[in-house]
*Asks:* 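Sharing a structure below in structure tokens format, with a few things to ask.
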Amino acid sequence: MSTLQNDLLLKVLNGEQTSRPPVWMMRQAGRYLPEYMKLREKYGFFERCQTPELACEITLQPIDIVGVDAAILFSDILVVPQAMGLEVQLIESKGPVLPDPIKTAADMNRIRVPDVNETLQYVFDAIQLIKKELNGRVPLIGFAGAPWTILCYMVQGKGSKTFDEAKAFCYTQPELAHQLLQMITDTTIAYLKAQVKAGADTVQVFDSWGGLLGKDDFEHISLQYIRQIVAALKDEVPVIVFAKGAWHSLESMAATGAKGLGIDWCIPAHLARQFAGDNVVLQGNFDPAKLLSPIPVIKKEVKAMLDAFGNKAHIANLGHGILPNVPVDHAKAFVDTVKEYTS
Ligand code: 1CP
């Protein structure tokens, strides 16, 4: 099927049994790598995203340095609101800031469903270059944010622990919220399809703030839009859905037709399996903060995680993004322990 030298990830997503689970780490290209920090001194964040040569170099860093079984495109979920017409800034030490967020019906006139080939071509150029430079070493994961998580930033205007203003927007102006969610969904479907056309082997939808919603709200505000995205993509590539904290909806997420579901460290493997059923791959779920432990502890804990999943339909990963203060040899210990594992 593929000409990849290492297709462990795709095999597992397609339901095949492999001798060990594939391993990659969410946010594996980033601030814990000194090589990334060097480029960060020279180029702005969106300059790094928009220059295919830089995005390619950063994407490949964790493949060469840490030895993961998959590459994930270096970009950000916030390039979508940017393409829709909102200004997005990345402020050092503060994170993303959208100075003119969406608050009212009038604000909706400032955004649109863009032609992704006009606004996000740089991403597709980066993917083509990455595929060429990877030369079949490992598969490439494309990604986008889930509509609810993107709405969080478009309305709140910045990161938040609660995203209370985004929630208030959904509760006080539901029609507007659903109009916005649908616009984000339509953009995301076109965006992910174009990522696949450019060469992405699989795509992951990040619903980082899905866990802020209760089960019913998650269905209406988040999952019904994720369902549209999975339906549009699933016949082209395997889709992985990671809705952090939304353990209560694993069963309905499995029913979308997603091949993989990301889980965080707050749900044990056996419960996640019980909720999700047997027809989906589970991805996770090492606590990223545990990578700050001494290396022997990391090795022991990673083995315990792998035993808990029993190398059955499992992709080894963290339960959320790697932290910037994790030493590189600790990240390597995580990856090496999976690679040495025999069930
Ligand atoms: O150099 C820097 O200081 C920028 C830090 C940074 C990086 C390295 C940001 C800003 N984005 C990224 C890259 C990124 N973002 C990737 C690259 C590929 C990889 O995984 O290696 C990916 C997949 C993302 C996705 C992303 N961006 C998410 C979803 C995943 C998650 O961690 O929950 C979210 C929520 C964002 C928003 C965002 N962008 C950047 C930051 C610091 C944040 C989080 C802000 C917040 O906590 O609200």
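Computed over heavy atoms, backbone and side chain alike; hydrogens, waters and symmetry mates excluded. Atoms within a ligand are numbered from 1 in the order they appear, just like the ligands themselves.
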*Asks:* Which atoms form the tightest heavy-atom contact between L213 and S222, and what is the distance?
*Replies:*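 Of all heavy-atom pairs spanning L213 and S222, the closest is CD1-CB, 4.2 Å.
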
*Asks:* Between E47 and R40 (salt bridge meaning N to carboxylate O under 4.0 Å), is one present in this structure?
*Replies:*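 Judged by the 4.0 Å cut-off on N to carboxylate O distance, E47 and R40 do not form a salt bridge.
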
*Asks:* Which word best sums up how the rings of F242 and H320 line up, parallel for under 30°, tilted for 30 to 60°, or perpendicular for over 60°?
*Replies:*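 Because their plane-to-plane angle lies in the 30° to 60° range, the rings of F242 and H320 count as tilted.
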
*Asks:* Do side-chain atoms of D107 reach the backbone of K103 as a donor and acceptor pair under 3.5 angstrom?
*Replies:*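 Between the backbone of K103 and the side chain of D107 there is a qualifying donor-acceptor contact (under 3.5 Å).
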
*Asks:* Just the distances, no angles: every ligand 1 N or O to protein N or O pair closer than 3.5 Å, one line each.
*Replies:*
unit_1: ligand 1; atom_1: 1 (O); unit_2: Y36; atom_2: OH; d: 2.7
unit_1: ligand 1; atom_1: 1 (O); unit_2: R40; atom_2: NE; d: 2.7
unit_1: ligand 1; atom_1: 1 (O); unit_2: R48; atom_2: NH1; d: 3.3
unit_1: ligand 1; atom_1: 3 (O); unit_2: R40; atom_2: NE; d: 3.0
unit_1: ligand 1; atom_1: 3 (O); unit_2: R40; atom_2: NH2; d: 2.7
unit_1: ligand 1; atom_1: 11 (N); unit_2: D76; atom_2: OD1; d: 2.6
unit_1: ligand 1; atom_1: 15 (N); unit_2: R27; atom_2: NE; d: 3.4
unit_1: ligand 1; atom_1: 15 (N); unit_2: D76; atom_2: OD1; d: 2.9
unit_1: ligand 1; atom_1: 20 (O); unit_2: R27; atom_2: N; d: 2.8
unit_1: ligand 1; atom_1: 21 (O); unit_2: Q28; atom_2: N; d: 3.1
unit_1: ligand 1; atom_1: 21 (O); unit_2: A29; atom_2: N; d: 2.7
unit_1: ligand 1; atom_1: 21 (O); unit_2: A29; atom_2: O; d: 3.4
unit_1: ligand 1; atom_1: 27 (N); unit_2: D76; atom_2: OD1; d: 2.8
unit_1: ligand 1; atom_1: 32 (O); unit_2: R27; atom_2: NH1; d: 2.7
unit_1: ligand 1; atom_1: 32 (O); unit_2: H320; atom_2: NE2; d: 3.3
unit_1: ligand 1; atom_1: 33 (O); unit_2: S208; atom_2: OG; d: 2.5
unit_1: ligand 1; atom_1: 33 (O); unit_2: H320; atom_2: NE2; d: 2.6
unit_1: ligand 1; atom_1: 39 (N); unit_2: D76; atom_2: OD1; d: 2.8
unit_1: ligand 1; atom_1: 39 (N); unit_2: D76; atom_2: OD2; d: 3.4
unit_1: ligand 1; atom_1: 48 (O); unit_2: Y153; atom_2: OH; d: 2.5

*Asks:* Check D76 with R48, please: is the shortest side-chain N to carboxylate O separation under 4.0 Å?
*Replies:*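 Not counted as a salt bridge, because no side-chain N and carboxylate O are separated by less than 4.0 Å.
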
*Asks:* Is the distance between the ring centroids of F143 and F74 under 6.0 Å?
*Replies:*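 Not close enough - the centres of the two rings lie 6.0 Å or further apart.
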
